[in-house]
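Structure, as structure tokens:
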Amino acid sequence: MAATLSTGVRAFALYIIASCSLGPAPAGASIAPGMGRKGFLEPGTHVSILEKELKLQLFFDQVRQQDDEGRIHKIESKLALVFQSLPKNHLGRLASRAVRFVIHHYFIREHGWLLTGLEQHGHQTKTTEIHEASIIKDKAPGLADAIFNHRGLESGLSLDDIVALVAAIEQLVFDESRQLLGAAYYLNGVCTLDRIDEATLDQVLFSYLIMYEVGEHRDLLDLQEHEEMRSRASNPDVEMIFDDLMGFQNDTVKGAIYKDRDILNPFLEKPFSFKDASRFVMRLVEGYSQWQDQECWRMKDHLVAMSVPGTGLIPLATFYSEGGSSEYRFSESKMYLRSIGALDEATSSVRIPNYITGPSNCLATSDYFAVCCLSECDKLTDGLMRQIQAPVASPDQIIRIVSNMSTATVTGPRPISHEMQSRLHRIAESHDSEVPLHGRRFAQWMHNAFPNECPYPHKVVDRELLTMNRWKDRLPTVSEAEMAQVIKDEEIWPAAALPQAPHWVEDVVETMPL
């Protein structure tokens, strides 16, 4: 992890010496702690204060004071609904586990970012805590210490506090993006102190996106490697992919230039500063997951076409046989599928939503987060929370709302079967006639209601199995011979053995919510 960061620092230092005449870095040009602009994430400012004062509230106050782009208000509008729907303590605040849920939910829902250290907990009772997020530990150690010394956030956090914490983490990600932008300048022979024209800006930003896609294995100093990557972009086998990437870049940048037209000077031959390019990069980072999610949708459409209708399940033989003869090649082993909860053992079938949201479909763009498929189920639960605005609801209220929900594979309004209604009432019987919206049993009910969108709430043996770090260098796959054997073995299965409906476990153990 540290190697990637130090490489970026060396890239910046080398280029400043070689091309920038050791001039002062422009505003926003920092690619490492202690360099560039001063702000609430600068170790020399807020971190030292936190270490001395050990008062988390001081940090939150500083974040709010430093917000000059209206981000706090935008984040609060996104989080208010989730906050309202969660169980609170006697002070009206959220406990540590709930705060962790809110942060994870926000970043995966809004950006498709799976933060390293705050991945899904796999319905384990023991989870990682907020201060264990890698980006907080590495980039804001004072904040990590302050959270840790708050002893599990015993008094809880208010909505304002959580909004400030989310804003801080988001800013840390954007700061790392500026670090990568500095390397892109270097790789294109451009000084971060100089203004550039639109053609050069396009070249720099394309270099940035190539490195962003390659992820943490990039070497920010290797000019030859970067030129080879750019050359591969013109290879007919991958040209379409990079054409799409360039199209995303052009659309985003042109929109950003238009939005910033009042602060840009169109009469300059070279109108764009590093600060301008940094703003464009922030918009690329914000929009990348939405753009990348188009591929997730295409893959989902393909998987649904392979599935037994209405089940969200694909017989394993079909998963292997059809995946190899199409645009997609599915070769993850049964061991991997089982580990992440994507294998329905009873029918030897693959669960579509568990597979799509699994680690093998994430891109490790950074040491600190991966870009993953956006969760369709989160959008559905957001719809529920918007109308219920409480951590629990009556079965009748849930049925009324869910029956009117629609997705790409479910058309509402629709009747909810008597069996599904009975299951919901049985959940409520164990909780004072109301259904906890953030528990494992309700997650299973939502999986049955939306089998192509909501994952089955599989309880993993080890939460590490749901992280990118566990699989990124050693994803288990099956050989052609193993695929053929699975297909041969399952050809003799009778039709009755195929999945008929999503799996339901009546006595599923209710783990701690969230």
Side-chain angles (χ1 to χ4, degrees), residues 4-45 66-69 71 139 170-212 218 220-221 223 226 230 246 248-250 252-288 365-366:
T4 302
L5 179 60
S6 63
T7 299
V9 173
R10 289 189 297 110
F12 183 85
L14 175 63
Y15 187 66
I16 288 294
I17 292 171
S19 305
C20 293
S21 302
L22 295 176
S30 172
I31 69 165
M35 304 177 71
R37 71 179 179 91
K38 291 285 183 182
F40 68 83
L41 293 175
E42 173 65 38
T45 55
Q66 294 289 333
D67 177 38
D68 55 1
E69 298 177 354
R71 288 174 47 242
K139 301 263 185 162
E170 200 170 61
Q171 187 61 50
L172 287 170
V173 173
F174 290 148
D175 283 354
E176 194 202 20
S177 297
R178 277 191 284 268
Q179 179 185 112
L180 194 59
L181 177 62
Y185 267 70
Y186 163 73
L187 292 168
N188 283 274
V190 184
C191 177
T192 56
L193 302 176
D194 295 338
R195 304 186 76 88
I196 57 178
D197 58 25
E198 190 166 352
T200 305
L201 176 70
D202 286 342
Q203 292 296 313
V204 168
L205 294 182
F206 191 57
S207 292
Y208 169 87
L209 283 174
I210 289 176
M211 290 188 290
Y212 188 81
R218 59 186 178 259
L220 303 187
L221 279 176
L223 287 166
H226 186 69
R230 292 185 71 100
M246 182 66 83
F248 160 67
Q249 174 188 314
N250 289 339
T252 303
V253 173
K254 288 186 183 305
I257 290 174
Y258 180 78
K259 185 175 181 180
D260 293 348
R261 63 191 182 279
D262 292 336
I263 60 176
L264 294 172
N265 187 344
F267 300 106
L268 292 176
E269 181 182 354
K270 296 181 177 180
F272 303 109
S273 66
F274 186 88
K275 185 176 181 179
D276 297 327
S278 297
R279 285 200 312 275
F280 301 154
V281 158
M282 286 176 64
R283 288 169 186 157
L284 287 171
V285 172
E286 288 179 310
Y288 181 84
T365 59
S366 165

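Everything numeric here is computed off the predicted structure, so don't read it as measured data. Residues: numbered from 1 along the sequence shown.
No side-chain heavy atom of Gln203 sits under 4.5 Å from any side-chain heavy atom of Val190. Side-chain contact check for Asp202 versus Gln249: some heavy-atom pair is nearer than 4.5 Å. Using a 4.5 Å heavy-atom threshold, the side chains of Phe174 and Val281 count as separate.
Residues forming a salt bridge (Lys or Arg N to Asp or Glu O under 4.0 Å) with Lys259 (at least two apart in sequence, or on another chain): none. Scored by the side-chain hydrogen bond (donor to acceptor under 3.5 Å, both in side chains) test, Glu170 finds Arg71, Tyr106, His111 as partners (sequence neighbours excluded).
The distance from the CE atom of Met246 to the CG atom of Leu205 is 9.5 Å, given to the nearest 0.5 Å. The OG atom of Ser207 sits 3.5 Å away from atom CG of Asn188, with the distance rounded to the nearest 0.5 Å. Note that the CG atom of Leu180 and the CD1 atom of Ile210 stand 11.0 Å from one another [nearest 0.5 Å]. Rounding to the nearest 0.5 Å places CE of Met211 at 8.0 Å from CG of Leu181. Separating the OG atom in Ser273 from the CG atom in Asp194 is a distance of 11.0 Å, to the nearest 0.5 Å.
Closest heavy-atom contact between Phe248 and Leu284: CZ-O, 3.5 Å. Residues Phe272 and Asp197 come closest through the heavy atom pair CD1-C, 3.9 Å. Closest of all the heavy-atom pairs between Tyr185 and Ile196 is OH-CD1, 3.6 Å.
The main-chain N or O of Lys270 is found under 3.5 Å from a side-chain atom of Arg195 such that the two form a donor-acceptor pair.
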query: Checking side chain to side chain contact (heavy atoms under 4.5 Å, CB included) for the pair Val285/Tyr208: CA distance, chi angles, key distance, verdict?
result: CA-CA 10 Å; Val285 172; Tyr208 169 87; 3.0 Å; yes
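Side chains of Asp175 and Gln179: a donor-acceptor N/O pair is absent below 3.5 angstrom, by distance only.
Sorted by first and then second residue, the salt bridge (Lys or Arg N to Asp or Glu O under 4.0 Å) pairs involving residues 279-288 (not counting sequence neighbours) are Asp260-Arg279, Asp260-Arg283, Asp276-Arg279.
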